[in-house]
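For reference, the structure is listed below as structure tokens.
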Amino acid sequence: MTAAAKRGNRGPMRLEHAVEALGKTALHEALGLDAPAVVRRSQDEKHGDYQLNGVLPLAKKLGKNPRELAALVAEKLQNPSIFSKVEVAGPGFINLKLTDSWLAEQLALLANDANDGIEQVAPDTIVVDFSGPNIAKQMHVGHLRSTILGDALVKILRAQGHKVLGDNHLGDWGTQFGLLIVGMRTFGDAEAMKKDPIVELERVYKLASEAKKDEVFANEARAELAKLQAGDPDNKKLWEQFVAVTRESLDVVYADLGVTFDYWLGESAYNDALPGVVATVKAAGIAREDNGALCVFFKELEDAPKDLAANEQPFIVQKSDGAFNYATTDIATVFHRSTVFQADRSIYVVDNRQSLHFKQLFEVAKRLGDRQKLTHVGFGSVLGPDGKPLKTRDASGKVITLKNLLDEATETAKKRLVEEELDLPADELDAVAKAVGIGAVKYADLRQNRLSDYTFDWDKMIAFRGNAGPYLQYAFARTQSIFRKAEVAPAEALKAPFVLAEPSERALALALLAYPDAVAGAAEHLEPHRICDHLYGLARAVASFYEECPVLKSEGATRASRLALVATAGKQLEAGLKLLGITPIARM
RNA sequence: GCCUGCGUAGCUCAGUGGAUAGAGCAGCGCUUUCCUAAAGCGUUGGUCGCAGGUUCGACUCCUGCCGCGGGCGCCA
């Protein structure tokens with residue numbers, strides 16, 4: 001039984017699914033076969049609300065005239081309580097217009113649904129691995145994508161009913177610590193370390209990275225790393241200090257962003273498991289030694305995926321000096337998620353540049369018997385206005401740390417709020433400014449397809465105009481403003497029957513009813529920007545509705561219905577913003 | 001060289017094999033005695049990189065080419 005069937009007629013449905021199902025039934029009745037109805041929203045409203053495209057490929061297959069076939073199907077679709085118009089058009093499309101009363105009925109289900117209409121699925125345990133910053137570095141704009149995307153994905157999957165574990169897989173182990181230890185001894189400034197430890201760590205790390213070109217320095221670093229990994233107490237103490245200092249600076253940014261994790265299992269958490277991983281890989285017979293390192297060569301394996309086999313690049317599980325690397329750690333992490341977390345799926349929200357590594361990792365994990373569904377959610381790089389990878393300083397020499405960006409966005413929002421001279425209580429000003437500023441930064445990142453590179457434009461990001469975070473917050477605030485004046489609680493208003501008379505009321509209803517499909521699409525493709533698109537469309541529908549339909553000045557059933565529309569829109573904007581990790585504000 | 005991603009309006013970007021390819025910004029014009037103008041309405045703007053192919057139908061799928069980026073041995 002499907003989730004929708006289980007729910008019976010008590011909960012709302014995904015509208016597109018519902019129409020698809022009606023279409024499928026009609027195809028079956030008319031032609032005696034099962035085929036997808038291929039239902040899509042109409043691009044142009046003069047073609048109706050939805051169109052059924054499935055007849056055309058069938059006509060080809062059956063060798064029949066598509067328009068005649070479409071006419072047969074259209075006949076079976078006749079149902080005056082659901083469709084006000086069923087029309088064969090063009091080469092064999094069937095245009096469908098839904099009745100106002102059926103829309104109103106569906107809308108009432110949606111408005112009063114506990115999950116805002118989001119389809120509840122059979123729950124999986126899903127680990128979302130995101131953010132994963134490195135020790136000794138401040139977060140910069142490049143870290144935003146993984147953090148924001150991952151956080152949104154956690155929330156979206158949770159909203160579907162999954163058990164989701166957010167895991168921050170910190171880069172807290174490995175070669176860089178040898179460098180840091182020697183670097184601190186050579187270049188460290190105790191005063192600076194007290195004053196602004198993360199900045200000092202970063203400075204020292206940069207110097208050490210330069211200095212490692214010198215063989216003596218590099219050897220020293222390797223020796224200190226070996227000591228650390230062997231459990232040397234002095235080095236362990238230093239390592240702990242580096243991690244703690246970094247963690248402090250990270251916590252400030254995560255607090256600003258409102259991002260939390262269920263686990264902080266960095267690379268160091270898997271140290272003890274690494275020898276076992278190597279043993280397992282050896283036992284599976286998929287690796288061999290090459291130049292002293294233990295490597296998996298995919299072109300030597302049976303049935304290896306073509307792109308992996310075509311690549312010379314081996315997957316190195318143990319280095320020639322016997323040490324382990326990130327491949328080893330990542331395999332251990334996969335095992336941990338399977339055995340300890342009982343995860344059905346793991347999702348890695350990591351830069352596209354690591355896509356080969358993840359393909360290799362997933363293939364190896366499969367060959368080692370892991371049964372999780374492993375997915376790499378990649379994303380493009382952050383580019384500067386010149387189209388090149390973003391510098392850590394902008395043209396004016398300003399350091400683009402994430403903290404600086406968030407602070408400036410908040411400042412700009414605050415300035416704007418003061419200028420507007422709204423009736424905002426003074427004690428709310430800072431919180432609202434923060435919600436607006438940070439919401440703008442998050443939305444600017446989330447609204448784009450994650451795969452494309454991202455052109456970072458500081459000014460645009462804090463312009464707060466058009467398709468931007470503050471516009472959505474503004475749309476929500478306006479809905480709440482109406483209820484303050486109406487002196488009715490939105491939850492009460494929702495209970496009124498919907499009357500869809502004006503075109504903008506109908507358009508708003510259609511926009512609202514598309515939410516469950518948008519969330520399902522975002523979850524299926526792991527693309528939060530689908531929710532951004534939906535919410536922006538909804539906010540526009542609400543704005544147009546305000547122009548055409550006075551709410552408070554209307555009367556009787558019309559007023560009650562309009563209040564219900566505003567309440568439903570407000571509820572959905574609020575829920576949708578929360579899925580994106582953006583704070584809805586009742587007053588701005 | 002091999003692998004991989006991208007190329008859509010002046011700029012930044014959407015676009016499930018379907019009808020006349022859409023937004024925002026920028027430009028031009030209009031709307032505030034009216035529930036928040038961070039808004040609304042209108043308008044200008046396109047060889048969907050190029051060439052083939054598959055298809056009733058291609059921005060979408062396939063092949064080749066051009067252009068830009070990323071990855072390519074012990075960093076992560």
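Only this structure's heavy atoms are used, side chains among them; waters, hydrogens and symmetry mates stay out. So you know, we letter chains A, B, ... as the sequences are listed, proteins then strands, and number each from 1.
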Polar atom pairs (N or O), protein with nucleotides 18-21 of chain B, under 3.5 Å:
residue : atom : partner : partner atom : Å
B:rA19  : N7   : A:Gln51 : OE1          : 3.1
B:rA19  : N6   : A:Gln51 : OE1          : 3.3
B:rA19  : N6   : A:Asn95 : OD1          : 2.2
B:rA19  : N6   : A:Asn95 : ND2          : 3.3
B:rA19  : N1   : A:Asn95 : ND2          : 3.3
B:rU20  : O4   : A:Lys46 : NZ           : 2.5

Taking only residues at least two apart or on different chains, which pairs with a member in residues 48-57 of chain A satisfy salt bridge (charged side-chain N to carboxylate O under 4.0 Å, His left out)?
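For residues 48-57 of chain A: A:Asp49-A:Arg506.
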
Q: Could you check if the base of B:rU32 is syn or anti? Syn means the glycosidic torsion is within 90 degrees of 0.
A: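 Here B:rU32 takes the syn form, which means its glycosidic angle is within 90° of 0.
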
Let me check something: any side-chain donor-acceptor pairs from residues 519-527 of chain A under 3.5 Å, sequence neighbours excluded? List them with distances.
residue  : atom : partner  : partner atom : Å
A:Glu527 : OE1  : A:Arg530 : NE           : 2.9
A:Glu527 : OE1  : A:Arg530 : NH2          : 3.1

Side-chain donor-acceptor pairs under 3.5 Å in residues 288-300 of chain A, sequence neighbours left out?
residue  : atom : partner  : partner atom : Å
A:Arg288 : NE   : A:Glu300 : OE1          : 2.9
A:Arg288 : NE   : A:Glu300 : OE2          : 3.3
A:Arg288 : NH1  : A:Asp290 : OD1          : 3.2
A:Arg288 : NH2  : A:Glu300 : OE2          : 2.6
A:Lys299 : NZ   : A:Glu312 : OE1          : 2.8
A:Lys299 : NZ   : A:Glu312 : OE2          : 3.2

Can you measure A:Leu52 atom CG to B:rG17 atom C1' for me and round it to whole angstrom units?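 It works out to 15 Å between those atoms.
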
- Query: Got a minute to check which stems RNA chain B is part of, using Watson-Crick or G-U wobble pairs under 3.5 Å, three or more consecutive?
  - Reply: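 Output for stems: B:1-7 with B:66-72, B:10-13 with B:22-25, B:27-31 with B:39-43, B:49-53 with B:61-65.
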
Please write out the pairs of protein N or O atoms and N or O atoms of nucleotides 41-45 of chain B separated by less than 3.5 Å, giving the distance to one decimal.
residue : atom : partner  : partner atom : Å
B:rC41  : OP1  : A:Ser544 : OG           : 3.0

Notebook entry, point to check: Do A:Tyr270 and A:Phe324 have their ring centres less than 6.0 Å from each other?
Noted result: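 That pair fails the under 6.0 Å test.
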
Only distances under 3.5 Å count here; give the side-chain donor-acceptor pairs of residues 39-47 of chain A to other protein atoms, sequence neighbours excluded, each with its distance to 0.1 Å.
residue : atom : partner : partner atom : Å
A:Ser42 : OG   : A:Gly48 : O            : 3.4
A:Asp44 : OD1  : A:Lys46 : N            : 3.1

Are there any protein N/O atoms within less than 3.5 Å of an N/O atom in nucleotides 58-60 of chain B, and if so, which ones and at what distance?
none

Using atom names, set out every protein N or O paired with an N or O of nucleotides 26-31 of chain B below 3.5 Å, distance rounded to 0.1 Å.
residue : atom : partner  : partner atom : Å
B:rA26  : OP1  : A:Arg465 : NH2          : 2.7

| field | salt bridge (Lys or Arg N to Asp or Glu O under 4.0 Å) involving A:Asp453 - partner list, sequence neighbours excluded | value |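 Salt bridge (Lys or Arg N to Asp or Glu O under 4.0 Å) check on A:Asp453 returns nothing, list empty.
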
Protein heavy-atom contacts under 4.0 Å, written 5' to 3' over nucleotides 64-76 of chain B as B (base), S (sugar-phosphate only) or - (none), form the string ------SSSBBSB

Distance-only donor-acceptor hits, side chain of residues 313-322 of chain A, under 3.5 Å, sequence neighbours excluded:
residue  : atom : partner  : partner atom : Å
A:Gln318 : NE2  : A:Gly322 : O            : 2.9
A:Asp321 : OD1  : A:Ala323 : N            : 2.9

Practice problem: Compare side-chain N and O positions of A:Arg559 against OP1 and OP2 of B:rC35 and report whether any pair is under 4.0 Å apart. | Solution: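 The answer is no; no side-chain N or O of A:Arg559 sits under 4.0 Å from OP1 or OP2.
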
